[in-house]
Amino acid sequence: MATDRSSFLVKQDVRLSHCSMSAESKEAPTNGDSNSFVEVYSAENNGQQFRKAVKVNLTPSAIPKRRQELLKWNGWGYEDSKFAVRKGVIWFTGNRYPIGELELPYFTQWTKDVFNVDLSKPITPQPPISKFPDPIINTDFMAEIRKCNLVISDDGMDRLFRAHGHTLHDIYILRVGMFARIPDLVIWPDSHDEVVKIVELATKYNVVIMPYGGGTSVTCANSCPEEEKRMIVSLDMSQMNRILWLDRDNLVACIEAGIIGQDLEKELKINGFTTGHEPDSHEFSSLGGWVATRASGMKKNVYGNIEDLLVHVRMVTPTGVLEKHTQGPRVSIGPDFNHVVLGSEGTLGVITEVVLKIRPLPACKKYGSIIFPDFESGVNCMREIAKKRCQPASIRLVDNEQFKFGQALKAEPSFFGHITDGFKRFYVTKMKGYNVHKMVVATLLFEGEQSTVENQEKMVYEIAHQFGGMPAGEVNGQRGYTLTFVIAYIRDLGFDFNIVAESFETSVPWDRTLSLCRNVKGRVAAECKARGILHYLMTCRVTQTYDAGSVVYFYFAFNYGDMPDPCHVYEEIEEAARNEILASGGSLSHHHGIGKVRKKWYRQQVSSQGVHLFRAIKHKLDPTNIFASGNLDSGELKAKL
Amino acid sequence: MSSNGSPSQIAEGTEQAEDRQKAANAAPQLQDVLRHTCPSPAGPRVLSTFRNILDRDSCDLVWVTKEWRPQQVTLHARTRTTAKIRQDVISSPKMQHTIEQLSSQNEVPKEALWRELNDILIEMGHTQTMPVVRWFGYVLSKIMRKIYSGVFVNEESIARLRASIGNNPVIFMPSHRSYADFLLMSYVCFHYNIMLPVIAAGMDFVSMWGVGRLLRDSGAFFIRRSFGNDKLYWAAFSEYVQTLITAGENPIEFFVEGTRSRTAKSLCPKLGLLSVALEPYLTGQVSDIVVVPINISYDRTLEETLYSYELLGVPKPKESTSGLFKALNVLDEQYGRIHIDFTEPISVNKFFGDLRSPKLMRPLHLPHQITPDESTRIIWLANYVVRQQQKNAVISLFSLAAVVITHHVLTKPRNQLLNMHQLTRQVASLKSAAESFGALIDCRDNLEVSLQNALHIHKSLIVTSKDGQVQVKNVAAAQAPIDPAKMKGHSLQDKTLQVGVPMVMLQHYVNQTLHLFICPAIVSLSVQQSINQGSGMKDDVFARYLFLRTLLSHEFILHKAWETMDFEQSIQQLQKLGVLDESLHDSMKLSLGSNSHLHQILCQLLLPFLAGYSSACSTMLEVPAGKTVSLNEALKSTQARLEKLLLSAQLNHHYSLSLDLLTAAVNSLSSMGAVIKNKENGKVLYSPNSNRLRQVTQIVGDFLQLVAPICRKSQDEQARLFITQAKARL
């Protein structure tokens with residue numbers, strides 16, 4: 001039956017995708033185009049490649065198989081986009097982002113003020129690595145795989161690229177050292193059936209599989225367990241990026257799990273739809289990754305989180321495919337096993353196909369912003385907005401430190417711009433009595449029908465007014481959101497100047513939101529003081545609102561001076577901060593997941609019975625621990641086997 | 001004794017044995033915590049870091065009108081008016097919830113409860129206002145200059161305090177020996193530009209016309225002494241304290257001992273207010289609380305005479321403003337120096353080892369149920385705070401002199417008076433002993449001069465004749481005539497009081513040193529008894545030590561977790577001082593050393609306690625089976641028994657009469673299971689647990705026998721000796 005459906009699906013697929021592009025790329029491959037990749041790749045690396053018959057990929061991915069050609073091998077994002085220093089001033093390279101090619105004098109000053117950096121003394125990371133750990137090869141498995149006509153690679157850089165995510169620890173290692181364990185082989189499956197075949201073989205020959213989506217994990221979920229002696233295969237899902245079918249009547253689409261966010265939205269947009277799922281990483285993160293980590297999107301107020309969007313999911317496990325054989329919009333058929341897949345973090349199987357809800361593109365999209373005299377009034381306002389359930393698609397409140405940081409990221413203003421800014425500043429601080437060192441800003445994004453948006457705007461601004469808030473314009477709001485993608489690049493600049501940085505998040509009941517923010521900041525300050533860290537940034541923002549609570553996102557960065565192991569120091573402080581979060585009533589994670597960095601708190605969060613239940617599931621679906629990423633729950637199970 | 005079981009078995013009631021086990025399990029952990037909490041001190045404390053804050057460049061007027069820019073307690077602090085604080089309490093989810101609950105439970109209209117709450121909060125609330133603080137500070141400066149020769153503050157400790165505040169709420173926990181404590185802390189904070197504390201005070205002051213208002217304006221808030229089942233009051237009080245903690249605007253100040261210690265010994269800490277104050281930490285509303293134990297040492301306590309009467313059972317006059325004015329005759333006297341030391345600030349989070357667990361599913365308006373684990377830590381913290389207060393005391397030379405004089409009076413025949421030369425010599429040796437126990441002694445010049453100065457301050461109690469004889473003087477007759485009907489305890493005879501009052505006053509100053517000597521004294525006595533019984537093995541000594549320690553655990557700060565640590569430390573110190581023999585090869589066997597004089601003094605220190613406890617045992621043994629007595633009845637008949645012993649010269653230390661001591665004795669017997677505590681109709685009644693009580697009585701008696709012979713040498717005339725001495729000076 002599955003085969004029947006897939007052949008039908010392919011037809012749909014052809015209809016959907018814009019044929020001109022796929023045809024074009026097939027005939028005239030250009031550099032960086034994923035369709036051309038397979039040929040170029042195999043030609044260059046003969047002997048190491050085992051390619052299958054070229055099958056035209058109808059939805060070309062923005063991310064090539066050889067990711068390092070487009071993306072940094074040891075940092076965030078595109079190779080051509082980064083913060084750099086030119087004549088003592090920081091600027092942003094490339095033109096993919098709105099601040100591209102602009103000099104940032106305020107930001108330059110800000111880094112000096114906050115972190116006391118000396119921009120004339122950058123630290124150079126190690127050059128691209130050329131020596132890799134010898135792969136552990138399971139020869140029987142390899143022999144079988146070769147027969148399967150799959151795209152595979154044992155090239156060192158390919159393996160290294162899939163040995164990590166974007167946790168501070170990962171990137172730090174890439175700059176100064178080497179991982180003890182990296183995958184031994186990379187396979188790019190092309191379809192659900194190929195995944196089934198690979199998992200079968202791996203189970204048969206006791207080979208470890210680690211699914212790899214966008215590689216944007218910040219929980220060390222992609223790291224290979226050092227003690228793993230079996231062969232590790234990284235299953236790069238990026239080629240499974242087709243929209244298999246789209247159902248306009250029921251507003252759902254069946255999508256392969258390897259598709260990354262920007263491709264998915266691009267494709268749906270052509271057809272007039274959107275999923276509305278927009279996590280901050282959506283340029284690079286994949287659908288499968290979202291499901292596996294219980295991702296949350298910025299616009300969840302209108303569209304819902306991944307668990308709200310997900311209608312149906314297929315997961316290939318060593319003992320078979322887990323899926324529901326129904327697509328009812330809501331069902332009462334016992335515990336919902338979609339929720340076993342959601343958040344499984346690669347420990348139970350590979351997610352191959354997902355049916356997601358889709359929505360017509362919104363008629364109206366509008367930004368906004370509100371300034372508040374202090375963080376407390378901002379939080380109280382958000383609580384009220386949540387109570388009245390009139391949240392716009394997104395509402396975020398940044399604290400004063402981040403507000404100032406956002407201001408600093410403005411490029412050199414034009415003469416006219418300068419005057420207006422000066423006047424605004426004067427108006428806000430002198431006439432309205434806001435304190436520049438206390439005020440905070442909330443950024444808003446409205447989406448929907450024109451009238452809905454107008455209504456919502458009116459309500460939100462009215463509530464804001466009750467809490468001392470003042471509308472601060474669309475431009476400020478838009479800036480806030482567009483900068484989101486750029487902020488991820490800053491850490492790499494920090495690395496060059498003795499600064500390590502990372503973010504962490506939590507969800508917390510409303511009545512504890514303020515005290516949690518205060519406590520965690522206080523705790524981090526105390527931990528810094530105890531370690532003699534003088535120059536650091538600890539800032540938070542409330543990024544989501546729910547009926548029962550909020551989501552708080554922290555950034556923490558510090559100048560480590562001449563500490564020998566800053567990464568470890570960071571981890572110690574984050575651990576203290578996490579303890580503080582938990583003690584202050586926050587959760588272990590809202591959307592980043594557990595991975596390996598938060599395993600030690602897993603039992604405490606879900607109770608011993610919860611851990612037993614998880615282990616029972618794991619034992620049934622994956623009795624020989626093929627999916628041995630070691631995320632969530634640690635190795636006790638493995639010891640038993 | 002052998003037939004009655006070993007002391008250690010007796011020491012442990014069943015529940016106590018469990019507690020002990022628990023404490024023992026947790027002990028190593030705490031050692032870690034403490035090491036972490038208290039980085040090794042920069043060096044031994046020295047007097048040179050203490051500065052007299054009355055001795056300042058600017059005149060008082062300039063000083064009180066200085067610009068007020070205090071160091072903030074927390075960065076997030078919000079300044080709130082009294083009305084706003086009241087409003088915050090009233091609108092808090094906890095109060096809303098409490099009122100809803102009480103309203104439906106007791107069928108009282110909510111409006112009535114809201115009104116009641118408002119009244120409670122008005123009665124409670126502080127109204128700190130700087131102009132009042134300034135003028136009060138001015139008057140205080142003048143008074144203090146008159147009666148004190150200096151208020152010395154350890155400036156090193158101030159620097160340490162400054163470095164540790166700014167992030168988290170702060171609780172000041174000073175020792176409490178005198179009413180003066182209330183004002184001193186604010187005075188010191190004002191001097192050093194630290195945010196003034198808000199102080200928890202007992203309700204007694206409110207009724208004093210003008211004074212209540214004055215204290216309120218200086219930052220005191222008032223708590224009723226007892227409000228047992230009043231749920232509304234309890235909720236209002238805890239919410240009030242907690243809003244002060246979470247807002248982090250002022251340091252909170254309260255006395256963990258609960259009330260002024262009349263005996264100058266530290267009182268066993270009270271946990272109620274501390275638990276309430278720590279709740280915001282335990283429920284994750286604040287990330288940490290900084291607790292600062294503070295020692296305030298007085299050369300001479302303002303209330304010394306009053307306390308002495310009170311301990312003997314003469315009722316405490318109700319606080320009144322006219323009484324206060326009467327008390328102003330204190331202004332004609334000299335009270336020497338005050339030493340204030342802010343001890344190492346304690347991070348509650350570190351102390352608790354990040355104990356908070358996310359059991360925070362409960363919304364914040366529901367009362368926090370303190371877990372057994374939390375409760376253990378709170379008890380620990382409270383005891384630790386008191387120990388820190390003790391460790392950071394500055395001991396006056398007069399206290400050491402009081403030990404020597406008392407010892408002399410009790411052990412030497414009447415015709416052998418103490419002369420200044422002997423006193424100096426003995427104080428010198430006691431001083432070096434005390435210093436080896438870690439004491440900081442207030443001795444600024446050479447010993448002789450300092451001692452004379454110290455004695456001079458106390459000239460109303462101790463006189464030195466021209467020929468250098470040191471004698472105890474009877475204090476002036478009671479300030480108010482004593483109506484026997486008003487006696488709180490047994491109606492003591494006049495002649496008993498005449499010796500008793502000065503003797504108890506003298507003991508007040510002896511008590512100031514006891515935290516140094518108590519463990520070594522218990523160990524010394526245990527060693528002696530063990531040797532007498534033919535053992536001397538360390539285990540045997542430890543068992544006896546444990547018994548005494550348990551017996552005296554309501555009298556001194558002897559937290560279970562420290563019993564082994566204290567034991568080992570005491571042995572080391574005693575060996576160094578020659579009280580125990582150091583040269584022995586067998587480390588498991590202890591024997592007495594050459595310093596028998598110090599050994600005697602140490603053992604003698606236990607006499608009034610053992611005598612009092614022994615009599616309390618006898619009294620309880622006489623309660624017929626099936627009958628019960630109230631605490632007051634027990635105290636009265638024990639005092640009567642003791643008075644008889646004193647009059648018949650079988651006992652010569654009047655401090656045994658102290659009601660405070662005897663109350664501790666009954667409590668101790670009760671927690672040892674020798675006496676059963678029953679609650680009937682809200683009244684607490686005691687009955688003997690005969691078998692156990694007999695055992696305890698026997699063991700206490702055995703220990704007392706050991707101490708008593710020392711003084712029995714001169715027993716015949718001992719009591720009369722003192723009276724004569726005292727009367728001679730009347």
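What you see below is based on every heavy atom in this structure, not just the backbone, and it leaves out hydrogens, waters and symmetry mates. In the text below, chain A, chain B and the rest are named by the order of the sequence lines, each starting its count at 1.
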- Query: Taking atom CZ of Arg86(B) and atom CG of Asn118(B), what is their separation to the nearest 0.5 Å?
  - Reply: 5.5 Å
- Query: What is the distance from atom CD of Gln604(A) to atom CZ of Arg598(A), rounded to the nearest 0.5 Å?
  - Reply: 13.0 Å
- Message: Could you check whether atom NZ of Lys596(A) has more than 12 heavy atoms from other residues, nucleotides or ligands sitting under 6.0 Å from it?
- Response: yes
- Query: So with a 6.0 Å cut-off around NE2 of His465(A), is the heavy-atom count from everything else above 12?
  - Reply: no
- Query: Which residues satisfy the ring-ring contact (aromatic ring centres under 6.0 Å, His included) test with Phe403(A), sequence neighbours excluded?
  - Reply: none
- Could you tell me which residues satisfy ring-ring contact (aromatic ring centres under 6.0 Å, His included) with Tyr536(A), sequence neighbours excluded, listed by chain and number? none
- Write out, in numerical order, the residues from residues 518-526 of chain A with a heavy atom short of 4.5 Å from a heavy atom in chain B. Arg518(A), Asn519(A), Gly522(A), Arg523(A), Ala525(A), Ala526(A)
- Query: Going by residue number, which parts of residues 377-389 of chain A are within reach of chain B, meaning a heavy-atom gap below 4.5 Å?
  - Reply: none
Check the side chains of [Y] and [X] for a donor-acceptor pair under 3.5 angstrom, ignoring hydrogens and angles.
X: Lys231(B); Y: Gln101(B); value: no
X: Glu574(A); Y: Tyr570(A); value: yes
X: Gln128(B); Y: Asn250(B); value: yes

- Message: Can you tell me which portion of Asn167(B) sits under 4.5 Å from chain A's heavy atoms? Options are side chain, backbone, both or neither.
- Response: side chain
- Item | Part of Lys529(A) lying under 4.5 Å from any heavy atom of chain B | side chain
- Message: Under the criterion salt bridge (Lys or Arg N to Asp or Glu O under 4.0 Å), I'd like the reasoning laid out for Lys391(B) against Glu344(B): C-alpha separation, chi angles, the key distance, then a yes or no.
- Response: CA-CA 11 Å; Lys391(B) 273 191 181 165; Glu344(B) 181 83 36; over 6 Å; no
